[in-house]
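Only this structure's heavy atoms are used, side chains among them; waters, hydrogens and symmetry mates stay out. Keep in mind it's a predicted model, so treat the numbers as computed, not measured.
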Amino acid sequence: NVQVDARKAPPVAVQVDAKRHTHSKAGSAKENKAAQGYAVHAKNADNAEKAVEGSTWPWDGDTSEEAQVIGQEGFGVVDRSSLNFAMNYLDDMPSKEAFDDQVGWTGLPLTIAFLNDKSIAMKWDGVEEVDGHIFDEPEVGTQINPGEIVTVQMYAQSDGLKGKARMCDKWNFCLSVAWQSYRVGSFSCDRLRVRAMRTHDWDEPAEVMCTTDEAGIFRRNDYEVIVSMKRAK
């Protein structure tokens, strides 16, 4: 497994293996690769190293105020080139082939990648399937360290899919993300909508999402979206 000491090394995108694979093909070569873990270095690793060098890490601190200040430092996602490692991660996901097989020619897929580009660990608090089907999701309680990515894969065989997720830090400051993808949009909102908000109430982003043109949301295409935990507001 890949071991990353975030206090000494620049953040990298690391496979998190605490996932529930609901339809994955057990025992395949790609599943074995997932079990071993792998890492893809960000092209902005030098900037990442400078951002975290000498920092006191919030999960070793005593106050939530300290956590919020330091936690927002991170390396951040600032331009398309800094997204390359996250996009490569999506391309190399071990469950990608099994997911494509499950979705089939007529299904509507969506993969949401949650990138921890902050300087504080976050814990996965859960996901709710509102419409459609969850193919893959992190286990509740999974810790997402700086530089790590977790993903939710959903699909629909009918009109579309809809879901929401929440992740929180040690002091219960949370990021809630809501999304939906339907075959047809509305007059006022896009058919693909994703919204991330710093709140414990995941109904808040669900009620106001209308597009992917939002803080911390990077729409790679109609079927893949990257969420920056640092840039979300």
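Remark: of the listed residues Leu161, Val130, Val225, Leu161 is the sole one forming a side chain to side chain contact (heavy atoms under 4.5 Å, CB included) with Trp179.
Pairs of residues two or more places apart, or lying in two chains, that qualify as ring-ring contact (aromatic ring centres under 6.0 Å, His included) and include a residue from residues 93-124 are Phe99-Phe135, Phe114-Trp124.
In terms of modelled atom types and a separation under 3.5 Å, the side chain of Glu137 and the main chain of Glu128 share no donor-acceptor contact. Remark: the backbone N or O of Ile217 is not paired with any side-chain donor or acceptor of Arg231 at under 3.5 angstrom.
A salt bridge links Asp91 with Arg220: at least one charged nitrogen is closer than 4.0 Å to a carboxylate oxygen. We find that Asp131 and Lys162 are not joined by a salt bridge, their nearest charged nitrogen and carboxylate oxygen being 4.0 Å or further apart.
Asp100 and Gln102 share no side-chain donor-acceptor pair at under 3.5 Å. Between Ser95 and Gln153, the side chains place a donor N or O and an acceptor N or O closer than 3.5 Å (distance only, hydrogens not considered). Residues Glu204 and Thr199 have side chains that bring a donor and an acceptor to within less than 3.5 angstrom of each other.
Side-chain atoms of Met167 and Leu175, non-hydrogen and from C-beta on, do get closer than 4.5 Å to each other.
Taking a 4.5 Å side-chain heavy-atom cut-off between Ile, Leu, Val, Met, Phe, Trp and Tyr, the cluster of Leu108 extends to Tyr223.
Residues Glu129 and Ile134 share a closest heavy-atom pair of OE1-N, 2.9 Å.
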